[in-house]
Amino acid sequence: MLEKKVAELINDQINKEFYSAYLYLEFANYYAAAGLDGFENWYRVQAQEERDHAMLFYQYLHNNDETVTFEAIAKPDCELTDHMAPLKAGLKHEQYVTSLINNIYAAAYEAKDFRTMQLLDWFVKEQGEEEKNASDLITKMELFGTDAKGLYMLNSELAARVYTAPSLVL
Ligand code: MG
């Protein structure tokens, strides 16, 4: 069994990761309607990764004899006014998720819960990658997105992203 606060934060995180998936599906939905199928693909893959994150936390709680409580997933909170908006909202969201992971880590550290800290090490690294990917996308969009040919090339690049299962196995 885990310390109550740690278990509660991880249970909350399951919902947050499913929300992330939902948010990224909304981005995919926006780009699909705009005819940018590469951007759509990018965020569909991203949504899949977020579901994996949720399921890793789900599995971790069950592995530690904890119960999981599913709560309602909120409506995606974003205003997608142009092709740049999802990218900026994505970076902001990943920075927020990093703060959530850090909060769980702090609680695990406080409880001397080394097992949970070891699990979270993977997520800390993952968040570094997520923020870098989100930030790189914004840079590329700033550089090439205002030109039709540039946007076409960028869309083609993002179309090539394929889903791979997470490197962490529980
Ligand atoms: Mg995630």
Side-chain angles (χ1 to χ4, degrees), residues 2 5-32 38-64 66-80 84-109 113-141 157-170:
L2 305 173
K5 191 184 173 194
V6 172
E8 279 174 3
L9 286 172
I10 293 174
N11 193 87
D12 288 348
Q13 193 62 29
I14 294 173
N15 186 276
K16 306 282 189 194
E17 299 290 346
F18 278 124
Y19 174 78
S20 297
Y22 215 34
L23 182 69
Y24 291 140
L25 276 180
E26 179 73 332
F27 294 177
N29 185 36
Y30 166 86
Y31 287 121
F39 285 77
E40 181 201 6
N41 172 66
W42 177 273
Y43 280 111
R44 283 175 72 122
V45 171
Q46 192 62 37
Q48 180 85 36
E49 280 197 2
E50 301 304 340
R51 283 193 291 270
D52 288 339
H53 296 164
M55 293 311 293
L56 285 167
F57 284 121
Y58 166 93
Q59 190 61 51
Y60 183 73
L61 286 184
H62 279 294
N63 286 355
N64 286 279
E66 296 286 347
T67 53
V68 169
T69 307
F70 290 126
E71 303 292 349
I73 300 166
K75 180 183 162 85
D77 175 24
C78 55
E79 213 179 321
L80 307 179
M84 179 63 100
L87 308 182
K88 294 211 164 153
L91 175 60
K92 207 171 146 225
H93 182 69
E94 286 305 332
Q95 289 165 340
Y96 167 64
V97 173
T98 297
S99 77
L100 296 174
I101 297 293
N102 288 348
N103 279 345
I104 309 173
Y105 207 111
Y109 181 84
D113 179 351
F114 302 112
R115 186 187 300 161
T116 298
M117 284 160 67
Q118 196 178 51
L119 169 84
L120 291 173
D121 282 336
W122 185 87
F123 281 93
V124 169
K125 185 163 178 281
E126 175 73 11
Q127 280 313 118
E129 288 168 16
E130 300 284 35
E131 285 189 39
K132 183 183 187 303
N133 287 340
S135 172
D136 286 353
L137 263 184
I138 292 171
T139 303
K140 284 183 183 176
M141 194 63 161
E157 183 189 321
L158 298 183
R161 183 182 187 185
V162 288
Y163 167 73
T164 48
S167 56
L168 177 66
V169 179
L170 295 180

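We count residues from 1, following the sequence as given. For ligands, and for the atoms within them, numbers begin at 1 and follow the listed sequence.
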Inset, instruction - Return the set of protein N, O or S atoms whose distance to the Mg ion (ligand 1) is under 2.8 Å, each given as residue and atom. - result: Glu17 OE1, Glu50 OE1, His53 ND1
Legend entry - Pair Phe123 + Phe57: ring centers closer than 6.0 Å: yes
Inset, instruction - Kindly state whether the ring of Phe27 and the ring of Tyr24 have centres lying under 6.0 angstrom apart. - result: yes
Inset, instruction - Return yes when atom OH of Tyr109 has more than 12 non-hydrogen atoms of other residues, nucleotides or ligands closer than 6.0 Å, and no otherwise. - result: no
Inset, instruction - Would you check if the distance from the ring center of Tyr58 to the ring center of His62 is below 6.0 Å? - result: yes
Inset, instruction - Verify the distance criterion only: is there a donor paired with an acceptor across the side chains of Gln118 and Arg115 at less than 3.5 Å? - result: no
Legend entry - Residues which pass ring-ring contact (aromatic ring centres under 6.0 Å, His included) with Tyr60, listed by chain and number, not counting sequence neighbours: none
